[in-house]
Amino acid sequence: MKTYAIILSAGKGKRMQSTISKQYIEVLGYPVLYYTLKAFEKSKVDNIIIVAGQDDIEYIRKDIIEKYNINKVLDIVSGGAERYDSVMAGLKCISGDGNVLVHDGARPLIEDFQINKIIENLKNDEACVMGMPVKDTIKIKDRNNYVINTPRRSTLWQIQTPQAFNVYTLKKAYETMQINEDTTITDDSMVMERYSEVQIKLIEGSYENIKITTPEDLILMTEILKKRNKI
């Protein structure tokens with residue numbers, strides 16, 4: 001059974017305060033997206049599908065894939081207005097059965113052994129999501145910013161990517177989401193929660209698996225890469 005990875009790289013990253021999309025900013029001489037793709041290239045994933053902005057496709061092909069010998073890329077397709085549109089665009093590139101990992105292109109600190117770990121868990125579960133237990137106390141508020149409740153921290157996880165699924169199961173859930181015209185979806189596990197009966201297994205990842213969102217994240221990324229010495 002083949003394993004595919006959909007890498008989402010269509011976001012603009014307005015909070016980065018940069019004229020360059022965050023996934024193409026260089027850190028220690030390489031674009032952020034390079035680190036993401038290199039991890040999946042080294043992993044047990046068979047094929048990679050990149051979903052990007054139309055204007056970025058040629059840059060990704062020439063200045064990242066060809067330049068750095070990323071050989072597992074099956075296709076690069078144009079993304080949509082929302083995250084779920086981009087995921088669906090990636091899913092259309094997959095024919096037949098298999099497993100699929102959906103990952104944010106702006107999470108460049110994922111490591112190949114973590115990717116392999118979630119692939120291994122798909123042998124027992126149709127849906128696996130990487131994340132970590134929260135460190136802080138979380139409050140639930142009302143619309144006026146008054147605290148309503150404090151959930152037990154031991155039950156809370158911060159969810160990351162990759163999120164891994166059986167291809168058929170994820171496609172079916174997305175088709176049902178479209179029929180229901182649900183535009184409130186923020187990640188793939190949420191689609192599965194609402195539109196399938198499949199239980200989602202949480203897989204422990206790493207607190208280093210951050211999403212690059214603000215300039216401060218680039219500083220943290222740089223320090224983590226220096227610590228790993230894996231450029």
Side-chain angles (χ1 to χ4, degrees), residues 1-10 23 33 35-52 60 65 70-80 82-132 157-178 185-206 209 211:
M1 185 179 288
K2 271 197 167 185
T3 301
Y4 300 86
I6 295 174
I7 307 297
L8 302 176
S9 189
Q23 56 271 31
L33 183 61
Y35 294 99
T36 306
L37 294 176
K38 204 65 179 176
F40 280 86
E41 179 80 4
K42 291 170 62 181
S43 77
K44 293 180 179 178
V45 160
D46 296 296
N47 291 118
I48 299 168
I49 297 156
I50 303 171
V51 186
I60 293 171
I65 294 171
I70 309 295
N71 298 309
K72 291 185 178 180
V73 175
L74 179 68
D75 206 349
I76 311 173
V77 296
S78 181
E82 301 294 338
R83 185 186 190 280
Y84 50 80
D85 295 317
S86 293
V87 174
M88 288 189 287
L91 286 171
K92 287 177 182 177
C93 298
I94 302 173
S95 58
D97 202 6
N99 292 319
V100 59
L101 280 63
V102 183
H103 187 71
D104 300 319
R107 285 190 190 270
L109 296 170
I110 188 70
E111 297 194 78
D112 56 303
F113 72 87
Q114 294 163 342
I115 298 167
N116 293 340
K117 180 180 178 181
I118 205 166
I119 291 172
E120 185 66 25
N121 274 273
L122 283 172
K123 293 178 180 179
N124 300 312
D125 294 281
E126 286 185 69
C128 300
V129 175
M130 193 155 279
M132 291 297 289
W157 274 45
Q158 59 187 58
I159 299 306
Q160 305 171 345
T161 63
Q163 301 188 3
F165 312 92
N166 173 270
V167 170
Y168 173 79
T169 305
L170 185 61
K171 281 185 174 181
K172 189 175 178 182
Y174 263 106
E175 287 167 5
T176 309
M177 183 203 80
Q178 283 184 297
I185 297 298
T186 56
D187 77 346
D188 309 291
S189 63
M190 195 171 174
V191 179
M192 296 293 287
E193 286 172 49
R194 289 187 181 179
Y195 300 110
S196 84
E197 300 299 320
V198 175
Q199 281 193 302
I200 300 167
K201 180 72 175 289
L202 292 173
I203 307 298
E204 189 167 308
S206 167
N209 184 22
K211 188 173 183 180

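When all heavy atoms of Ile50 and Ser9 are compared, the closest pair comes out as CG2-CB, 4.3 Å. Across all their heavy atoms, Met88 and Met177 have their closest contact at CE-CE, 4.1 Å. Taking both residues in full, the closest heavy atoms of Ile6 and Gly90 are given as CD1-C, 3.6 Å, listed atom of the first, atom of the second, then distance. Considering all non-hydrogen atoms of both residues, Asn166 and Asn99 come closest at CA-OD1, 3.6 Å. Nearest approach of Ala10 to Ser86, heavy atoms of both residues: CB-OG, 4.1 Å. A pairwise comparison of heavy atoms in Met1 and Gly98 identifies CG-CA, 3.3 Å as the closest pair.
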Val77/Lys92 under side chain to side chain contact (heavy atoms under 4.5 Å, CB included): CA gap, chis, key distance, verdict: CA-CA 10 Å; Val77 296; Lys92 287 177 182 177; over 6 Å; no
Step-by-step side chain to side chain contact (heavy atoms under 4.5 Å, CB included) determination, Thr3 to Lys44: CA-CA 8 Å; Thr3 301; Lys44 293 180 179 178; over 6 Å; no
Worked check of side chain to side chain contact (heavy atoms under 4.5 Å, CB included) between Arg83 and Asp104: CA-CA 10 Å; Arg83 185 186 190 280; Asp104 300 319; 3.5 Å; yes
CA sep, side-chain torsions, deciding dist, call: Ile60, Val73, side chain to side chain contact (heavy atoms under 4.5 Å, CB included): CA-CA 11 Å; Ile60 293 171; Val73 175; over 6 Å; no
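Under a 3.5 Å cut-off, the side chain of Asp125 and the backbone N or O of Ile200 do not form any donor-acceptor pair. A donor-acceptor contact shorter than 3.5 Å links the side chain of Thr36 to the backbone of Gly105. The backbone N or O of Ile49 sits nowhere less than 3.5 Å from a side-chain atom of Asp75 that would complete a donor-acceptor pair. Remark: the backbone N or O of Glu204 is paired with a side-chain donor or acceptor of Lys117 at under 3.5 angstrom. Judged purely by atom type and a 3.5 angstrom limit, Lys72 uses its side chain to pair as donor or acceptor with the backbone of Ser43. At least one donor-acceptor pair closer than 3.5 Å links the side chain of Gln160 to the backbone N or O of Ser206.
For the atom pair CG of Leu170 and CD1 of Ile94, the computed distance is 8.5 Å after rounding to the nearest 0.5 Å. Interatomic distance, NZ of Lys2 versus CG of Asp97, reported as 13.0 Å (0.5 Å rounding). Remark: Leu37 CG to Asn71 CG distance equals 11.5 Å, nearest 0.5 Å. Separation of atoms CD1 (Ile119) and SG (Cys128) is listed at 10.5 Å; rounding is to 0.5 Å. We find the CG-OH distance between Leu91 and Tyr84 to be 15.0 Å, quoted to the nearest 0.5 Å. Within the model, atoms CD of Gln23 and OH of Tyr35 stand 15.0 Å from one another, a figure rounded to the nearest 0.5 Å.
Leu33 is listed as a side-chain neighbour of Ile7, based on a closest heavy-atom distance under 4.5 Å. Looking at heavy atoms from C-beta onward, His103 lies out of side-chain contact with Ile115 at the 4.5 angstrom threshold. A 4.5 Å side-chain heavy-atom check between Val129 and Asp188 finds every atom pair outside the cut-off. Taking 4.5 Å as the limit, some side-chain heavy atom of Val87 sits within range of a side-chain heavy atom of Leu8.
In Lys201, the NZ atom is not crowded: 12 or fewer heavy atoms of neighbouring residues, nucleotides or ligands sit closer than 6.0 Å. Within 6.0 Å of NZ on Lys171 lie more than 12 heavy atoms contributed by other residues, nucleotides or ligands.
Using modelled atom types and a 3.5 Å distance limit, the side chains of Asp187 and Gln163 yield a donor-acceptor pair.
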